[in-house]
A.B. asks: 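The structure's right below; bear with me while I get my questions together.
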Amino acid sequence: MFSLWSWVPALPGLAWGWALLDALLQGLVGACAVSVLCSLLRVYLYIQCLNDPERQAEKAAIGAQRRALELLHVAVLAALLALVGSRVAALVVLEFSLRAVSTVLSLGKGAHSSQLYLLCQYSLGCGVSCGLSFLLEGAPHGTCNLALAAGLAGLLATYTQRLAWHVCTLYELHSRARYCGVCILLLTAGHGIPRLLRNALTIAFAVGDLAAVALINRDFLSAAEAVRFWTPLTICYTLLVIYMQEEPGQSAGGRAAYQTVLVRMGGLFILLLTVGRWTDVLHVFISLLGELWCLLRAGAMLESCWRQDLVPGSRLDGQLGSGSEETS
C-alpha cells in the first residue's frame, strides 16, 4: 500500500523528527484525556455545591475558570508527557494503579474516594501515552493514526470544556427555567457522571497497565535482567503503598496531596538511582513537574473532594440525585 511519506529519504535526523512528532501527539492525547476528566468532574462538583447552601464558597471557586488557562494547562501537560520516557511513564502508571486498588479495597464495599479522580490526572496521561505507544508500535501509519486520535481527543476535550463553562455560568438559571436541554439532562441524569468516570478510568488504567508491563519488559534481554529490575520495584512499591495507607489523613486536602506526590516521586527517584538509567532520573523530575502542575490546576476541586470525603456517607456517587430532586 502506498505510504504518504514513502518518497521521503530515510535520514537519521528525519527519523528522530518523526519520533518527536509521535511523542508530542501521544502527549496531546493524554493531556486531552485529563482535560475531559477534569471538565466532567467540575460539572458534577459545581452542581453538587449549588444544591448545598453551605458550600456556596466552594461553588464560586470551582466556577471561576478561564478558557485561556485551560488551553495553557493542556499545552504544558502535553509537552511534559511528550518529554517523559516510556519506562518512567510505565512505572508511574503501575504505581498509581497499585495504590488506587489498595485504597479502594481499604474503603470497603460500595465506597469510593473522590480524591482519586483528581490524584490520577498525571497517571492517566501517562497511561494513555503508554497505551498508544504499545498499540501503535510498528504500525505502518502510526503517525497518521496518532494525528487522528489527537484530533478526536481535542474535539472531545473542547466540547467538555464548553459544557463545564456552560454549567458554571448558566446552569443555575436554566435549571429553574427548564428550557435548556443540556441542563435538564444534567438535572435528571447528572448523578451518573462519577460512575461514567469510574468505568472509563478502569478501562484506561487496565490498558495502560498491560502496556506498561510490555514496554518495561521489552528492554530486558534475559529473564535474569527482568528479575533484577522487578524484584526491587515490587518491594519499593509495596512499602510505598503500606506507608500511604498508614499515613493519617487529617491534614488539608491540598497539602496531603502534594506530600503524597513528593513521597511517590522520591521513592521512584531512589529506585531508579539503583536500577535505572540517568535519563530515567531526569524523567522523574519531569514527572514531578507534571504531577504538581495537575494538582495546581485542580486545587479548588481537590479541596471540595477532601471536605466531601470527611463527611460520613458523603461519597461522590450518592448526592447529586437527591440535590436534583430538591432543585426540582
A.B. asks: Rounded to the nearest 0.5 Å, how far does CG of Leu21 lie from OG1 of Thr143?
C.D. replies: 5.5 Å

A.B. asks: What distance do Leu186 atom CG and Leu163 atom CG have between them, rounded to the nearest 0.5 Å?
C.D. replies: 6.0 Å

A.B. asks: Indicate the atoms forming the closest heavy-atom contact of Gln26 with Ser133, along with that distance.
C.D. replies: NE2-CA, 3.7 Å

A.B. asks: Check Val281 against Leu272 and note the closest heavy-atom contact, atom names and distance.
C.D. replies: CG2-O, 4.2 Å

A.B. asks: Hey, is the main chain of Ile184 close enough, under 3.5 Å, to the side chain of Thr188 for a donor-acceptor pair?
C.D. replies: yes

A.B. asks: Apart from Leu28 itself, which Ile, Leu, Val, Met, Phe, Trp or Tyr residues share its cluster (side-chain heavy atoms under 4.5 Å, direct or through members)?
C.D. replies: Val74

A.B. asks: For Phe134 and Ala214, work out which heavy atoms get closest and say how close.
C.D. replies: CE1-CB, 3.4 Å

A.B. asks: What's the spacing between Leu40 CG and Arg42 CZ if we round to 0.5 Å?
C.D. replies: 11.0 Å

A.B. asks: Working to the nearest 0.5 angstrom, can you tell me the gap between Gln161 CD and Leu156 CG?
C.D. replies: 10.0 Å

A.B. asks: Is the backbone N or O of Ala157 less than 3.5 Å from a side-chain atom of Thr160, with the two atoms forming a donor-acceptor pair by type?
C.D. replies: yes

A.B. asks: Kindly indicate whether the side chain of Val29, heavy atoms from C-beta on, has any atom under 4.5 Å from the side chain of Leu146.
C.D. replies: no

A.B. asks: Shared ILVMFWY cluster between Leu45 and Leu196, side chains joined below 4.5 angstrom?
C.D. replies: no

A.B. asks: Is there a continuous path of hydrophobic side-chain contacts, each under 4.5 Å between heavy atoms, that joins Val43 to Val36?
C.D. replies: yes

A.B. asks: Leu215, Leu271: one ILVMFWY side-chain cluster at the under-4.5 Å cut-off?
C.D. replies: no

A.B. asks: Using atom types as modelled and distance alone, determine if a side-chain donor or acceptor of Ser129 lies under 3.5 Å from a backbone N or O of Gly125.
C.D. replies: no

A.B. asks: List the atom of Leu81, the atom of Ala31, and the distance in Å for their closest heavy-atom pair.
C.D. replies: CD1-N, 3.7 Å

A.B. asks: Return a table of donor-acceptor pairs under 3.5 angstrom between the side chains of residues 201-212 and protein atoms on other chains or two or more places apart.
C.D. replies:
{"from": "Thr202", "atom 1": "OG1", "to": "Arg198", "atom 2": "O", "distance (Å)": "2.7"}
{"from": "Asp209", "atom 1": "OD1", "to": "Ser97", "atom 2": "OG", "distance (Å)": "2.8"}
{"from": "Asp209", "atom 1": "OD2", "to": "Ser97", "atom 2": "OG", "distance (Å)": "3.0"}

A.B. asks: Excluding sequence neighbours, so at least two apart, what forms side chain to side chain contact (heavy atoms under 4.5 Å, CB included) with Cys49?
C.D. replies: Arg55, Glu58, Lys59, Ile62, Ser304

A.B. asks: Taking the side chain as every heavy atom from C-beta outward, state whether Cys183 and His166 have any pair of such atoms under 4.5 Å apart.
C.D. replies: yes

A.B. asks: List the atom of Tyr117, the atom of Leu41, and the distance in Å for their closest heavy-atom pair.
C.D. replies: CB-CD2, 3.7 Å

A.B. asks: Could you measure the distance from the CD atom of Gln121 to the CG atom of Leu124? Nearest 0.5 Å is fine.
C.D. replies: 8.5 Å

A.B. asks: Under the side-chain contact (heavy atoms from CB on, under 4.5 Å) rule, what do Thr260 and Leu119 come out as? Steps first, then yes or no, please.
C.D. replies: CA-CA 9 Å; Thr260 299; Leu119 295 177; 5.7 Å; no

A.B. asks: Give the table of side-chain donor-acceptor pairs shorter than 3.5 Å for residues 283-300, with sequence neighbours excluded, one pair per line with atom names and distance.
C.D. replies:
{"from": "His283", "atom 1": "ND1", "to": "Gly85", "atom 2": "N", "distance (Å)": "3.1"}
{"from": "His283", "atom 1": "ND1", "to": "Thr279", "atom 2": "O", "distance (Å)": "3.3"}
{"from": "His283", "atom 1": "NE2", "to": "Leu83", "atom 2": "O", "distance (Å)": "3.4"}
{"from": "Ser287", "atom 1": "OG", "to": "Tyr122", "atom 2": "OH", "distance (Å)": "3.2"}
{"from": "Ser287", "atom 1": "OG", "to": "His283", "atom 2": "O", "distance (Å)": "3.0"}
{"from": "Glu291", "atom 1": "OE2", "to": "Arg264", "atom 2": "NH1", "distance (Å)": "3.3"}
{"from": "Glu291", "atom 1": "OE2", "to": "Arg264", "atom 2": "NH2", "distance (Å)": "3.2"}
{"from": "Trp293", "atom 1": "NE1", "to": "His73", "atom 2": "O", "distance (Å)": "3.4"}
{"from": "Arg297", "atom 1": "NH2", "to": "Glu70", "atom 2": "OE1", "distance (Å)": "2.3"}

A.B. asks: What heavy-atom pair brings Ala33 and Val128 nearest, and what distance separates the two atoms?
C.D. replies: CB-CG2, 4.1 Å

A.B. asks: Would you say Val92 and Leu273 are hydrophobically clustered, going by side-chain heavy atoms of ILVMFWY under 4.5 Å?
C.D. replies: yes

A.B. asks: To the nearest 0.5 Å, tell me how far Leu37 CG sits from Cys120 SG.
C.D. replies: 5.0 Å

A.B. asks: Would the distance check show the side chain of Thr169 and the main-chain N or O of Trp165 forming a donor-acceptor pair, the cut-off being under 3.5 Å?
C.D. replies: yes

A.B. asks: Distance under 6.0 Å and angle within 45° of the ring axis: does Arg99 meet both against Phe96?
C.D. replies: no

A.B. asks: Please answer: with hydrophobic residues joined when any side-chain heavy atoms are less than 4.5 Å apart, are Leu135 and Leu132 in the same cluster?
C.D. replies: no

A.B. asks: Residues in side chain to side chain contact (heavy atoms under 4.5 Å, CB included) with Ala82, at least two apart?
C.D. replies: Ala23, Leu24

A.B. asks: Please walk me through it: do Met265 and Leu262 pass side-chain contact (heavy atoms from CB on, under 4.5 Å)?
C.D. replies: CA-CA 5 Å; Met265 293 297 111; Leu262 293 176; over 6 Å; no

A.B. asks: Taking side chain to side chain contact (heavy atoms under 4.5 Å, CB included) as the definition, give me every residue that meets it alongside Ile270, ordered by chain and number, with sequence neighbours left out.
C.D. replies: none

